[in-house]
Amino acid sequence: MRAIFRIINIGYWKSVFGPAITFIFPILYVWIVSATFFIKPMGNVAISLSTLVLPNAFLLAPTVIMLVMFPQALYELNDSVLMKFLKATSIRKTTVLFTSFLYYAVLALISYFIGALMNPWIGMSADLRAAMQQIFYDANWGSVFYTIFIHIILSGSIAMFVVSVAKKPIVVPLVGFSIVIASLVLAGFILPIELSSWSNHPLWTLTYFDPLRYSSFLSFESWFGKASEFNTYQSSIFDVSTPYMARVVSQLAIPVTILSVPDKIANIFAPFAFTISFTSAALLLYKI
């Protein structure tokens with residue numbers, strides 16, 4: 001296990017791409033998104049859209065790490081000289097998968113909190129900083145930690161499955177980036193797709209086909225844990241009997257349903273179903 005960790009660590013720090021995605025990209029991306037969608041509130045006329053985008057925007061860097069960097073490193077690890085030596089020692093594939101996953105899961109967690117914790121305090125106007133800081137006061141932190149762990153584990157299981165079925169190294173990052181690009185919209189990494197639920201927009205139906213949609217929507221509700229215009233009845237991700245309702249759309253006097261009871265049930269159980277399915281397939285198909 002130590003030898004595998006050493007190979008992964010050396011490969012990570014030799015690459016400029018890895019540290020940049022982990023430590024720089026989260027700050028830049030969240031800053032750009034929040035500044036782009038910021039609308040200065042004027043009485044009760046407008047609400048900053050950046051507030052609605054941020055909970056899911058925090059997830060993009062960890063997603064890139066788990067779906068692009070992790071599977072690429074796992075594929076390269078399998079072809080390394082030291083790995084060929086370790087194969088002679090009857091090393092278990094579960095050890096290879098677990099060690100690699102653990103290394104990149106820690107990096108994904110670090111990138112998440114770099115993006116979430118650094119941005120409200122640097123390089124922004126006072127109004128934008130205040131809007132972002134309010135999210136931290138409203139967050140249900142127990143649910144926030146739960147959802148990021150679920151998201152990382154789910155993303156990692158998809159990555160392991162991709163590596164287990166990929167025949168060529170170029171396929172691994174291409175599939176990873178394709179999932180990330182689709183999730184920019186379908187999982188709300190760049191747009192508050194959750195708001196399309198009340199209007200029955202066709203995009204809302206497409207979100208059900210994105211596995212990352214479920215953990216992303218859990219994150220959205222977790223960051224608005226307190227009663228406010230973003231969570232009218234202070235619903236919890238674990239209280240599936242209460243729909244998640246808000247009145248953020250054009251400051252509507254009557255709250256609209258963002259996540260119905262069936263949606264909330266799906267958000268709780270679907271990540272586990274996808275994780276178990278992808279992980280089981282990876283364990284069966286992955287070869288060292």
Side-chain angles (χ1 to χ4, degrees), residues 1-33 56-84 86 91 93 95-119 122 148-166 168-184 187 189-190 211-212 215-216 219 278-279 282 286 288:
M1 184 171 180
R2 184 177 299 177
I4 297 173
F5 179 87
R6 188 179 304 163
I7 299 172
I8 298 171
N9 190 53
I10 292 173
Y12 172 79
W13 289 106
K14 277 186 175 180
S15 169
V16 176
F17 179 73
I21 290 295
T22 306
F23 302 105
I24 300 175
F25 175 71
I27 298 175
L28 290 178
Y29 178 73
V30 177
W31 182 80
I32 291 171
V33 168
N56 293 347
F58 295 151
L59 293 173
L60 182 58
T63 304
V64 173
I65 289 173
M66 296 308 297
L67 285 178
V68 180
M69 293 170 54
F70 167 48
Q72 185 67 25
L74 191 58
Y75 200 97
E76 293 175 356
L77 172 66
N78 209 28
D79 289 337
S80 66
V81 175
L82 182 55
M83 192 62 192
K84 292 177 181 178
L86 291 175
I91 188 172
K93 61 182 177 181
T95 303
V96 176
L97 292 172
F98 176 75
T99 306
S100 306
F101 168 80
L102 189 62
Y103 184 91
Y104 279 93
V106 171
L107 292 176
L109 196 62
I110 291 172
S111 71
Y112 180 81
F113 285 105
I114 286 178
L117 299 178
M118 293 291 289
N119 277 278
I122 60 174
I148 182 57
F149 281 121
I150 290 295
H151 185 81
I152 289 174
I153 293 171
L154 172 59
S155 301
S157 69
I158 297 173
M160 289 188 291
F161 173 74
V162 171
V163 172
S164 67
V165 298
K168 297 181 179 179
I170 190 63
V171 174
V172 176
L174 285 178
V175 173
F177 273 120
S178 297
I179 297 174
V180 170
I181 291 172
S183 296
L184 286 174
F189 293 157
I190 199 170
L212 300 181
S215 55
S216 178
S219 174
F278 285 121
T279 303
Y286 182 69
I288 58 175

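Note that the structure is predicted; figures quoted are calculated from it, not measured.
- The shortest heavy-atom contact between Phe5 and Thr99 is N-CG2, 4.0 Å.
- Atom CD1 of Ile110 and atom CD1 of Ile65 lie 8.5 Å apart (nearest 0.5 Å).
- Of the inter-residue distances, the one linking Ser15 atom OG with Ile21 atom CD1 reads 9.5 Å to the nearest 0.5 angstrom.
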Test side-chain hydrogen bond (donor to acceptor under 3.5 Å, both in side chains) applied to Thr63 and His151, step by step: CA-CA 8 Å; Thr63 304; His151 185 81; 2.7 Å; yes
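- With rounding to the nearest 0.5 Å, the separation of OG in Ser215 from CD1 in Ile148 is 8.5 Å.
- Separating the CE atom in Met69 from the OG1 atom in Thr22 is a distance of 4.5 Å, to the nearest 0.5 Å.
- Rounding to the nearest 0.5 angstrom, the gap separating the CD1 atom in Ile8 from the CG atom in Leu74 is 7.5 Å.
- Counting only distance, with no hydrogens or angles, the side chain of Ser164 and the backbone of Tyr286 share no donor-acceptor pair below 3.5 Å.
- Residues Pro19 and Tyr12 form a side-chain contact, since some pair of their non-hydrogen atoms from C-beta on lies under 4.5 Å apart.
- Rounding to the nearest 0.5 angstrom, the gap separating the CG atom in Leu60 from the CG atom in Leu212 is 10.5 Å.
- In terms of heavy-atom proximity, Ser111 sits nearest to Pro26 at O-CB, 3.4 Å.
- Heavy atoms only, all atoms of each residue included: Phe58 and Tyr112 are closest at O-CD1, 3.3 Å.
- The aromatic rings of Phe70 and Tyr104 sit tilted relative to each other, their planes meeting at an angle between 30° and 60°.
- When all heavy atoms are compared, the tightest approach of Pro173 to Val68 is CB-CG1, 4.5 Å.
- Of all the heavy atoms in Val30 and Ala57, the pair that sits closest is CG2-O, 4.2 Å.
- Checked by atom type and distance alone, the side chain of Ser155 never pairs as donor or acceptor with a backbone atom of Ile152 at under 3.5 Å.
- Taking 4.5 Å as the limit, every side-chain heavy atom of Val106 sits out of range of all side-chain heavy atoms of Phe101.
- By the 4.5 Å heavy-atom criterion applied to side chains, Asn56 and Ser219 are counted as neighbours.
- Between Phe189 and Tyr29, the shortest heavy-atom distance links the atoms O-OH, 2.6 Å.
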